[in-house]
Amino acid sequence: MSEALGFFFMGWLDPVLLGLTALGTSAGIYIGAIPGLSVTMAVSILISFTFSWEVNQALALMVGVYTGGVYGGSRSAILLNIPGAPSAIATALDGYPLAQRGEAGVAIGIGTVMSVVGGFVGIVVLALAAPWVSEFALKFAPRDYLLLALIGILLVGSLSGESLARGIFAAALGVLIAMVGLDPMTAQGRFTFDTVMLMGGIPYVTAMIGFFGVAEALMQLHYLGVRPVKQRVSRITPAWNSVLRYLPLSLRSSLIGVVIGALPGTGGDIAALLAYDHAKRSVKEPETPFGEGAMEGLVAPESANNAAIGGAYIPMLTLGIPGDAVTAVIIGALFIHGLRPGPMLMIETPHLFWFTVGNLTLANLFLLVFGLTGVRIFTRLIECPRGVLIPLIIVLSVVGSYAIQNNPVDVYWMLGFGIVGYFLRCYGFQMGPIILGVILGGLMDTSYRRAMISVQDSPIRFVGELLSNPLSLGLTIFLLLVVLRPFLGRWWWRRAGG
Amino acid sequence: MSLRPRQPGEVGFAVVLVVFSIAALTQSYRISGFEGLSSAGVFPLLASATMLLSAGLILWRTLRAPPPLPGAGGFGRRILPPRVLGYMGLVVAYGLAIGWFGFVVASGVFLLVSLLWLARLPWHQALAGSAGALLIIVLVFRYGFRVILP
């Protein structure tokens, strides 16, 4: 226990780690708030610069950016009615009407405090649940990892996109990108076309930067002429009685957020929307109707999306399955530093787990400080024109993709992925499933083949093991439900006479 | 199932996805054929077959969807307007120019052209902005993060 506490406070006592967490949180708030910059994009680019650092330093910065970024999206949602991040979409529904009534300051204040409350709930659940899940995950067979990875990818595809077919195509494309190079089990070339250049595979950071950075920058060209409406910001520190009044709703929403965040593949955006829906159902008589500036409509999503951060870390650290797109990118960072997230991480490197928990706590404290200060300068910065941001994103993406291997070919791959990603986005494809496919492709491939080798390539025995093992059976049923969800939904709708 | 109107060029894009998936499936088969269920080519085969199935479904749904709304603009306005096409060309030229002229020169010119074109800044501001941004990038990444620039 004392050892765990020592690891927990490691980031608090080391001035460099403390400074990096503060810097990351502060930068994350701005990155999350500026429309056109996303947390996933920022963390993807960061990996390429921090891979030569000591792992704790790299993680401190990334945890800060992640925590600050999820919160930062709410700032532009409230002030400009433009959610800076997908997790802030629900925040804009009541946050902007509050700002239109001249209560932007109060909205930012309450939003900040409730984000911090949500963040702490997520951290407590992470600290309590992760060791238990990790111990349980030791019983997982390769086929279970295959099923879990498939569930994660399909959940992202089905919940965040326009249609399941598009989600599945995107995920399979990501898996295919991950297959390029020499097979790790037999050293046989896959999609290498006998060129040495492709034998090492395509670095996933290159794909991430291309799909998230360049594609997003090109998409922003459509909104060059959109000018945000300027807002005036008053005093933002909320009154104590207001905090106490909304605390029960915040705690309930945080629990929703942490559970949704912990589901592989679902993140703060879905958590926030579900929490908003919960608030609408559970708060019968809000002072202002929902959608017209109800404070409850701001409290619920803000608590939930930050609580989802702690939740997302649970499957990432214990199973090696990312909870959302950002944790998918952070998994990439851990791999680069020679660490392998999964059940053995808690046994082999427990310091990393407790350090992450301590760091998340620290980032939330910084969030409170930075969230309640500097709003006036902030309002000017988030009005930065897209015409200035877009070229900067492109140059940073070039620097980031080159930094991984100092190979100019990676820059071409990255730009190519960016252009392909642009067209995919135009036609309603999401980038999340592609990146999850790239990250999890290798795990799925090796898990599947190990599972097949263990049953001597017999598909009948493979299915028999899926059905006879309770855990595998449960995961198979869940996977089928995810795949069949749209059809079941339609069937249910027809039966109900809709 | 929502039958939203098609986007301009969506049928063509779906066809490209199908063709790409067929090519991927063929290449996957060439890895190890149907040698065994745990061979190196099985997972690429599964992935590309999944792509082909979903691309086929996307194409079928796209063909069934109502045509693009009149007045909403065609492919050249909605999907690839001249500004996006031109900027894509600039980005590709920038990527190639890095190899020919080095990062600093290529990035400086790219930033300058972008600021003049997209941000519509006057010459002196665009020049100062691109030089300042480049200086910060070099200082932060080369000397702060110690990464090698292209």
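Just so it is clear: chains get the letters A, B, ... in the order the sequence lines come, proteins before strands, and each one is counted from 1. For the numbers below, each heavy atom of this structure counts, side chains included, while hydrogens, waters and symmetry mates do not.
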Problem - Which of Leu37(B), Leu118(B), Thr62(B) touches chain A most, by non-hydrogen pairs under 4.5 Å - result: Leu37(B)

Exercise for the section: Could you tell me which of Gly41(B), Gly9(B), Ala55(B), Ser21(B) has the largest number of non-hydrogen atom pairs under 4.5 Å with chain A? Expected result: Gly9(B)

Exercise for the section: State the CZ-CZ distance between Phe429(A) and Phe13(B), to the nearest 0.5 angstrom. Expected result: 5.5 Å

Problem - Contacting region of Val42(B) [heavy-atom separation from chain A under 4.5 Å] - result: side chain

Handout entry: Leading residue by heavy atom contact count with chain B [cutoff under 4.5 Å; candidates Asn406(A), Val411(A), Leu218(A)]
Key = Asn406(A)

Practice task
Name the region of Pro184(A), side chain, backbone, both or neither, that has any atom closer than 4.5 Å to a heavy atom of chain B.
Solution key: neither

Problem - Check: Val398(A) and Ser107(B) side chains under 4.5 Å, non-hydrogen atoms - result: no

Practice task
Working to the nearest 0.5 Å, report the span between CD1 of Ile58(B) and CZ of Phe169(A).
Solution key: 6.5 Å

Handout entry: Contact check, side chains of Phe20(B) and Leu173(A), non-hydrogen atoms, under 4.5 Å
Key = yes

Problem - Per-residue contact mode, Leu424(A) against chain B (heavy atom under 4.5 angstrom) - result: both

Fill in the blank from the handout: Heavy-atom nearest pair, Ala47(B) first then Val175(A), reads CB-CG1, 3.9 Å

Exercise for the section: Mind listing the closest non-hydrogen atom pair of Tyr427(A) and Gln7(B) along with its distance? Expected result: CE2-CB, 3.6 Å

Fill in the blank from the handout: Taken to the nearest 0.5 Å, the spacing of Gln27(B) CD from Met179(A) CE works out to 15.5 Å

Exercise for the section: State, to 0.1 Å, how close Phe423(A) and Met88(B) come at their nearest heavy-atom pair, and which atoms those are. Expected result: CE1-CE, 3.9 Å

Practice task
Just give me the residue among Val84(B), Thr50(B), Leu134(B), Val92(B) that pairs up with chain A most often, heavy atom to heavy atom, under 4.5 Å.
Solution key: Val84(B)

Handout entry: Whether over 12 other heavy atoms sit under 6.0 Å from Arg83(B) CZ
Key = yes

Problem - Proximal component of Ile137(B), with respect to chain A [non-hydrogen, under 4.5 Å] - result: side chain

Exercise for the section: Heavy atoms only, distances under 4.5 angstrom: which of Gly36(B), Ser39(B), Ala126(B) has the most pairs with chain A? Name it, please. Expected result: Ser39(B)

Problem - Met219(A) portion near chain B, given a 4.5 angstrom heavy-atom threshold - result: neither

Problem - Flag side-chain contact, heavy atom, 4.5 Å: Pro408(A) against Ile98(B) - result: no

Practice task
Taking all non-hydrogen atoms of both residues into account, name the closest pair between Ala172(A) and Met51(B) and its distance.
Solution key: CB-CG, 3.4 Å

Practice task
Evaluate the side-chain proximity of Leu415(A) to Tyr94(B): yes if any heavy-atom separation is below 4.5 Å, no if none is.
Solution key: no

Problem - Side-chain donor or acceptor of Arg190(A) paired with backbone N/O of Ile31(B) under 3.5 Å - result: no

Problem - Arg120(B) portion near chain A, given a 4.5 angstrom heavy-atom threshold - result: neither

Fill in the blank from the handout: Minimal heavy-atom distance between Ser54(B) and Ala165(A), with the atoms involved, is CB-O, 3.5 Å

Problem - Leu53(B) portion near chain A, given a 4.5 angstrom heavy-atom threshold - result: neither

Problem - Any side-chain heavy-atom pair of Leu146(A) and Phe43(B) under 4.5 Å - result: yes

Exercise for the section: Of all the heavy-atom pairs spanning Gly95(B) and Tyr412(A), show the shortest one and how long it is. Expected result: O-CE2, 3.4 Å

Handout entry: Reported CG-to-CG distance for the pair Leu176(A) and Leu25(B), which is rounded to 0.5 angstrom
Key = 10.0 Å

Practice task
Side chain from CB out, backbone as N, CA, C, O: work out which of these in Pro150(B) comes under 4.5 Å of a heavy atom of chain A, or both, or neither.
Solution key: both

Handout entry: Student check: side-chain heavy atoms of Arg78(B) and Cys426(A) closer than 4.5 Å
Key = no

Fill in the blank from the handout: Between the CG atom in Leu115(B) and the CG atom in Leu392(A), the distance rounded to the nearest 0.5 Å is 7.0 Å

Handout entry: Within-4.5 Å side-chain heavy-atom neighbours: Ser28(B) and Phe191(A)
Key = yes

Fill in the blank from the handout: Cut-off 4.5 Å, heavy atoms of chain A, and the answer for Leu57(B) is side chain

Practice task
Against chain B, work out which of Val388(A), Asp183(A), Ile394(A) has the most heavy-atom pairs shorter than 4.5 Å and name it.
Solution key: Ile394(A)

